[in-house]
Amino acid sequence: MTARAALVAFVLSMGVARAEIPPLPDDLSKAYDVALTELRAGKDRQSIADRLKPVVEKNPASGYVRLARPFLDDLTASLKDAVARPDDLPEKRLADARLPFQVLKHAERLDGPLKTFVAKEPSDPITQLVAADRSVIARLIPLLADRSPARCDDSFSMRWTTPQPRFCDLALALIEYHGKVRFHHDTIQGTYLHQLSDAEREEVAKRAAAWWEEVKDKPIAAGVRAQLVHGRTYPETVWMAKTLARLAEGQETDDREFALSVLRGMVKQNPRSHVAAYAADALAELGDTSAVDVFYNEWKSWLGRPGLIHDSHIAFYLCKHGGRREWELLHAISLAEVRNGMGPGDGAVWACALNSGVAGTNPYAIPILGLALDLTEDAGSRRENGAQSFSCADTACELLQEQVGKDFGYRRAGTAVERLAAIKKARDWWDAAGKAQYSFDYIEANMIPANAPPPQAKR
């Protein structure tokens with residue numbers, strides 16, 4: 001995969017689900033697009049501002065004013081700054097930076113495109129700042145207050161609400177790159193530093209300055225640990241905890257245990273929410289599945305209470321890391337959900353289990369597959385034989401065939417009549433013999449490898 005293809009795939013995965021429907025194109029959207037094109041081409045900034053200003057003023061009700069007006073204000077304010085000289089330090093030449101901002105912002109996941117750019121553009125100021133040692137952070141911190149629009153290309157973004165990056169955005173991304181920390185990394189709304197309120201931006205800048213003063217003469221891991229407890233959002237905290245744990249591998253420090261304790265604390269403090277599941281996934285990546293116990297005990301204590309909503313992320317986690325105990329609980333919850341008519345759109349646990357990615361390979365999922373054979377209402381479409389409707393029972397029947405080694409005649413490319421006949425055959429077998437045979441006792445004794453440790457035993 002090329003660097004560009006990797007970047008496009010990454011941005012698609014990050015932004016499409018949250019994309020807003022853009023307003024219809026208008027005079028302001030066209031003028032704003034021209035302004036960005038000219039800025040990225042290195043055209044005269046005064047001329048760009050002069051052409052954009054009257055269009056902004058004539059279209060105050062445009063949906064694009066939320067981007068165009070701040071851009072115009074920041075561009076105008078930057079005109080008073082002296083033009084950088086070719087021999088200035090790279091942080092003074094950020095107006096000429098061309099690296100797509102998403103590559104820098106997500107450098108830990110887009111190292112390929114970053115390396116390609118650095119090798120191809122050695123004179124770019126971002127290349128030089130990336131190549132600098134960690135002490136460059138001291139020179140970048142003052143730029144956290146600079147809202148001058150950067151020239152860098154950000155056209156990989158798939159969200160129309162993504163603004164043109166400012167110097168402060170580049171400076172923050174570079175600080176985070178060198179320090180392996182997070183001060184403002186919004187993975188929920190995707191806001192950049194320059195979009196925060198003045199007070200919030202000042203808070204970020206003060207924290208960065210205080211952090212650097214504390215850790216500038218210490219190892220990188222010490223810097224991560226110092227910032228870890230100051231994460232502004234749970235994705236930032238989880239990312240830094242994983243980073244610290246990995247930096248600590250093979251080191252004679254308690255940094256790894258400290259990082260794990262932060263993640264475990266997040267799980268215990270939010271045992272019913274996606275925040276805990278997010279932290280639990282990070283723990284599992286680091287070889288710790290202790291969250292299984294927390295989630296099991298929490299869900300068990302609420303079993304049978306009406307109106308309870310089970311977080312889908314936690315359900316997926318339990319499917320992936322749970323043993324017999326957890327699957328029995330998932331099955332008990334699923335039984336109640338089916339009785340109450342809860343479907344996939346209601347966040348039903350049985351639907352999560354069915355679509356967990358392990359229902360076709362984990363034998364403990366078999367009782368839930370049998371339960372889902374009754375759920376023949378159309379739930380989506382497939383591309384075999386054109387666009388064809390399918391149900392949760394389709395998925396259950398297909399996976400059940402794989403699990404128990406019986407051919408019910410189900411073929412995903414079959415006609416609707418053929419697939420319904422196969423589902424009925426599977427349901428008849430399940431009611432007559434399968435349900436009694438495939439108890440959890442039978443599955444554990446005959447289908448689970450001997451001496452397989454339960455996932456929750458891995459600490």
Side-chain angles (χ1 to χ4, degrees), residues 17 267 270-278 280-281 291-292 294-382 388-401 403 410 412 416 419-420 422-424 426-431 434-436 438-440 443:
V267 172
N270 306 275
R272 299 203 61 81
S273 83
H274 67 284
V275 173
Y278 196 85
D281 282 342
V292 168
V294 177
F295 295 146
Y296 173 83
N297 291 332
E298 183 70 16
W299 281 21
K300 181 73 172 178
S301 70
W302 285 82
L303 186 62
R305 299 192 187 186
L308 185 65
I309 297 176
H310 295 88
D311 183 80
S312 297
H313 195 158
I314 294 177
F316 287 129
Y317 176 89
L318 288 174
C319 289
K320 184 175 182 180
H321 301 289
R324 170 178 174 170
R325 180 186 68 167
E326 287 70 43
W327 278 97
E328 284 188 302
L329 178 60
L330 294 171
H331 182 250
I333 295 170
S334 297
L335 281 170
E337 290 175 337
V338 171
R339 284 197 300 267
N340 294 326
M342 285 187 65
D346 305 313
V349 166
W350 67 261
C352 293
L354 198 63
N355 296 289
S356 64
V358 300
T361 56
N362 190 328
Y364 286 131
I366 291 174
I368 292 180
L369 296 179
L371 187 65
L373 290 171
D374 287 323
L375 306 172
T376 56
E377 183 178 349
D378 288 346
S381 63
R382 288 173 171 169
Q388 62 176 3
S389 298
F390 74 98
S391 65
C392 292
D394 278 270
T395 302
C397 186
E398 183 177 18
L399 297 179
L400 191 62
Q401 282 189 157
Q403 286 271 33
Y410 187 89
R412 65 165 39 214
R419 289 184 287 112
L420 283 172
I423 291 169
K424 182 180 184 304
R427 187 166 59 244
D428 290 345
W429 169 82
W430 180 255
D431 290 339
K435 184 186 300 183
Y438 288 92
S439 65
F440 282 99
I443 292 170

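The figures that follow rest on heavy atoms only: side chains count, while hydrogens, waters and symmetry mates do not.
Ser391 is listed as a side-chain neighbour of Asp394, based on a closest heavy-atom distance under 4.5 Å. Using a 4.5 Å heavy-atom threshold, the side chains of Cys319 and Leu330 count as touching. In this structure the side chain of Asn362 never reaches within 4.5 angstrom of the side chain of Lys320, judged on heavy atoms. At least one side-chain heavy atom of Leu369 sits under 4.5 Å from a side-chain heavy atom of Leu354. In this structure, the side chains of Ile333 and Trp350 stay at 4.5 Å or more apart for every pair of heavy atoms. In this structure the side chain of Arg272 reaches within 4.5 angstrom of the side chain of Trp302, judged on heavy atoms. In this structure, Pro367 and Trp327 have side chains that are not in contact, with every pair of non-hydrogen atoms separated by 4.5 Å or more.
For the salt bridge (charged side-chain N to carboxylate O under 4.0 Å, His left out) test, no residue two or more places apart in sequence or in another chain qualifies with Lys435. In terms of the ring-ring contact (aromatic ring centres under 6.0 Å, His included) criterion, Trp430 has no residue partners (sequence neighbours excluded).
The heavy-atom pair separating Cys397 from Ala422 by the smallest distance is SG-O, 3.8 Å. For the pair Val267 and Ala291, the tightest heavy-atom approach, listed with the atom from each and the gap, is CG1-CB, 3.9 Å. Taking both residues in full, the closest heavy atoms of Thr376 and Leu373 are given as CG2-O, 3.9 Å, listed atom of the first, atom of the second, then distance. Closest non-hydrogen pair, Thr361 versus Pro363, comes out as O-CD, 3.3 Å.
Within the structure, every pair that satisfies the salt bridge (charged side-chain N to carboxylate O under 4.0 Å, His left out) test and touches residues 328-340, not counting sequence neighbours, is listed here: Arg324-Glu328.
The distance from atom CG of Asn297 to atom NZ of Lys300, rounded to the nearest 0.5 Å, is 10.0 Å. Phe295 CZ to His310 NE2: the interatomic distance, rounded to the nearest 0.5 Å, is 12.5 Å. Here CG of Leu371 is found 6.5 Å from OG of Ser334. Values are rounded to the nearest 0.5 Å. Residue Asp281 holds its CG atom at 11.0 Å from CZ of Phe316, rounded to the nearest 0.5 Å. Note: Leu400 CG to Thr395 OG1 = 12.0 Å, rounded to the nearest 0.5 Å. In this structure, CD1 in Ile443 is found 4.5 Å from CD1 in Ile366, a value given to the nearest 0.5 Å.
Checking side-chain atoms of Ser439 against main-chain N and O of Ala436 turns up no donor-acceptor pair under 3.5 Å. Between the side chain of Asn270 and the backbone N or O of Ser273, no donor-acceptor pair lies under 3.5 Å. Distance alone, capped at 3.5 Å, is enough to place a donor-acceptor pair between the Gln401 side chain and the Tyr410 backbone. A distance-only check finds no donor-acceptor pair linking the side chain of Asp346 to the backbone of Ala348 [under 3.5 Å].
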Open item on the list: For a ring-ring contact (aromatic ring centres under 6.0 Å, His included) check, start with the C-alpha distance between His321 and Tyr317, then their side-chain angles and the critical distance, and finish with the verdict.
Closed with: CA-CA 6 Å; His321 301 289; Tyr317 176 89; 4.6 Å; yes
Open item on the list: Determine whether Arg427 and Asp431 satisfy the following criterion, salt bridge (charged side-chain N to carboxylate O under 4.0 Å, His left out), listing intermediate values before the conclusion.
Closed with: CA-CA 6 Å; Arg427 187 166 59 244; Asp431 290 339; 5.3 Å; no
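Arg412 forms no cation-pi arrangement with Phe390, by the criterion of a distance under 6.0 Å to the ring centre and an angle within 45° of the ring axis.
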